[in-house]
Amino acid sequence: GSEECSTPEDNINVVVRVRPLNDKEKRDRHGSTLQFPGNGQVILEGNDVGQKRSHNRDSVRVFTYNVVFEPGATQEDILDYSGIKRIIEMGIEGFSCTAFCYGQTGSGKTHTLTGPPDLFVGKPNPKDPRHGLIFRSFLYLFQLIKNRKDVNYVLKASFMEIYNERVIDLLNPGSARKPLAVRWSKKSGGFFVENLFTVDCEELDDLLAVLEEGMRNRAVGSHAMNDHSSRSHTILTVHILSDQQTDGGVFLSKHGKINFVDLAGSELTKKTMSEGKTLEEANNINKSLMVLGYCISSLSDSKKRTGHIPYRDSQLTKLLADSLAGNGVTLMIACVSPAHYNHAETLNTLRYASRAKRI
Ligand code: ADP
Ligand code: MG
């Protein structure tokens, strides 16, 4: 069957990135279940491992997205072709936008957003081709605002983690002991995290320091046991505040925002439980990913959009609500593995990505 999603110029862009088979998978001769016929399409062949072949022989599914990144795509390709540049430009114009990576553990979410963790051991070399989307977005952002001498910009950044519905400040590791409260602000009409460090970033280096510090704390924190990173969501937010005087002499002030979100692994509950996740962890992850998917699909549906959207049902969607409900753009990067043994998870991710956009 054909499971499509395509309307290019709206407020949700869905792209898929397929990671290469790793060395172990190549040694073990795992074939690829995916084919790329072009035109934003992905073909998924084969069956779930363990499923009786006779039940569902020669299963072939076709999915369509805005963009498909094949395993050879570089980190620079993701910056150039994912639509993130439009998100950065809209953030500068005062909109709240979100880019997030969805996928099972090991599918390349963190690689796509930040690159390999050892990039952050010591001082990163800006020319390193392994740098991820966040680093590259910062460079692009500064390139754009440096060219606007007529506008005064102030940048601020925060970096948090949501683990079991508790918010931890990645710029303030002490908060792991006493999680921060998520509150509703009557004044701004939105949710916010109380006492979250929000750092003024005058230079590119200040923004990079936020990324580096958060990555270090995520990796070494006392809470980072047991492959913790696959069970938590992280949100790095850049606020872009600006003031300018228009030709007519009036002052114009804007507050834009870009969230970069690395989601918890989306693997199915049955599997995650057998790998040692607690029921509470699995339930919290499943619920927040489900609510997020629902919120996003209502973005592209004008009827649903005016109805009730359950943002309040998870911390993740509370904190992303203003960008999901507003006029900003959301970019979903669905990360998948091409290996046969990941077939069920790859199907799950491709479907989630399709639903996010189906009208
Ligand atoms: P996730 O964050 O989804 O759990 P990771 O980003 O940690 O997955 O990726 C798992 C492994 O695969 C890492 O060793 C990572 O470096 C590697 N990897 C992921 N995507 C790619 C890619 N596009 N190219 C090369 N290596 C990749
Ligand atoms: Mg990861």
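Just follow the structure's listing: the first ligand is 1, and inside any ligand the first atom is 1.
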task = Give a yes or no on whether Gln245 atom CD has more than 12 heavy-atom contacts from other residues, nucleotides or ligands under 6.0 Å away.
result = yes
Among Ala73, Gly132, Gly106, closest by any non-hydrogen atom to atom 10 (C) of ligand 1 = Gly106
query = Is the number of heavy atoms from other residues, nucleotides or ligands under 6.0 Å of Glu202 CD greater than 12?
reply = no
message = Could you identify the single nearest non-hydrogen protein atom to atom 7 (O) of ligand 1 and state the distance to 0.1 Å?
response = Thr110 CB, 4.3 Å
task = Pull out every atom of ligand 1 sitting under 4.0 Å from any heavy atom of Gln104, numbered as shown with elements.
result = 3 (O)
Residue Arg17 vicinity, atoms of ligand 1 by number, heavy atom under 4.0 Å = 23 (N)
key: Contact partition for Pro116 relative to ligand 1, non-hydrogen atoms under 4.0 Å   = neither
request  = Taking Arg355 for its side chain and Gly293 for its backbone only, find out whether a donor-acceptor pair lies under 3.5 Å.
outcome  = no
ask   = Backbone or side chain, does Thr110 get an N/O/S atom under 2.8 Å to the Mg ion (ligand 2)?
value = yes
request  = Could you tell me if any non-hydrogen atom of Cys335 lies under 4.0 Å from any atom of ligand 1?
outcome  = no
query = Going hydrophobic residue to hydrophobic residue with side-chain gaps under 4.5 angstrom, can you get from Phe100 over to Val167?
reply = yes
Carboxylate-amine/guanidinium proximity below 4.0 Å for Glu213 and Arg218 = no
ask   = Is the closest protein non-hydrogen atom to atom 17 (C) of ligand 1 under 4.0 Å?
value = no
Sub-6.0 Å ring centroid separation between Phe69 and Tyr81 = no
inquiry  = Show me which atoms of ligand 1 lie under 4.0 Å from any heavy atom of Thr105.
reply    = 4 (O)
inquiry  = Quick test of your reading of the structure: of Gly115, Gly108, Gly265, whose heavy atom lies closest to atom 9 (O) of ligand 1?
reply    = Gly108
key: Protein non-hydrogen atom below 4.0 angstrom of atom 13 (C) of ligand 1 present   = no
task = Say whether Ser107 and ligand 1 are in contact under the criterion: heavy-atom distance to a ligand atom below 4.0 Å.
result = yes
ask   = Looking only at distance, does Lys109 have an N or O less than 3.5 Å from an N or O of ligand 1?
value = yes
request  = Tell me whether the guanidinium CZ or amine NZ of Lys318 lies under 6.0 angstrom from the six-membered ring centre of Phe191 and within 45° of its axis.
outcome  = yes
query = In terms of ring plane angle, is the pair Tyr352 and Tyr102 parallel, tilted or perpendicular, where the classes change at 30° and 60°?
reply = parallel
message = Atom NZ of residue position Lys254 - does it have more than 12 heavy atoms of other residues, nucleotides or ligands inside 6.0 Å?
response = yes
task = Could you tell me whether Asp23 and Arg27 make a salt bridge, using a distance below 4.0 angstrom between a side-chain N and a carboxylate O?
result = no
note = Counting heavy atoms under 4.0 Å, the part of Pro71 that contacts ligand 1 is neither
task = Please report which non-hydrogen protein atom sits nearest to atom 15 (C) of ligand 1, along with the residue it belongs to and the distance in Å to one decimal place.
result = His111 ND1, 4.1 Å
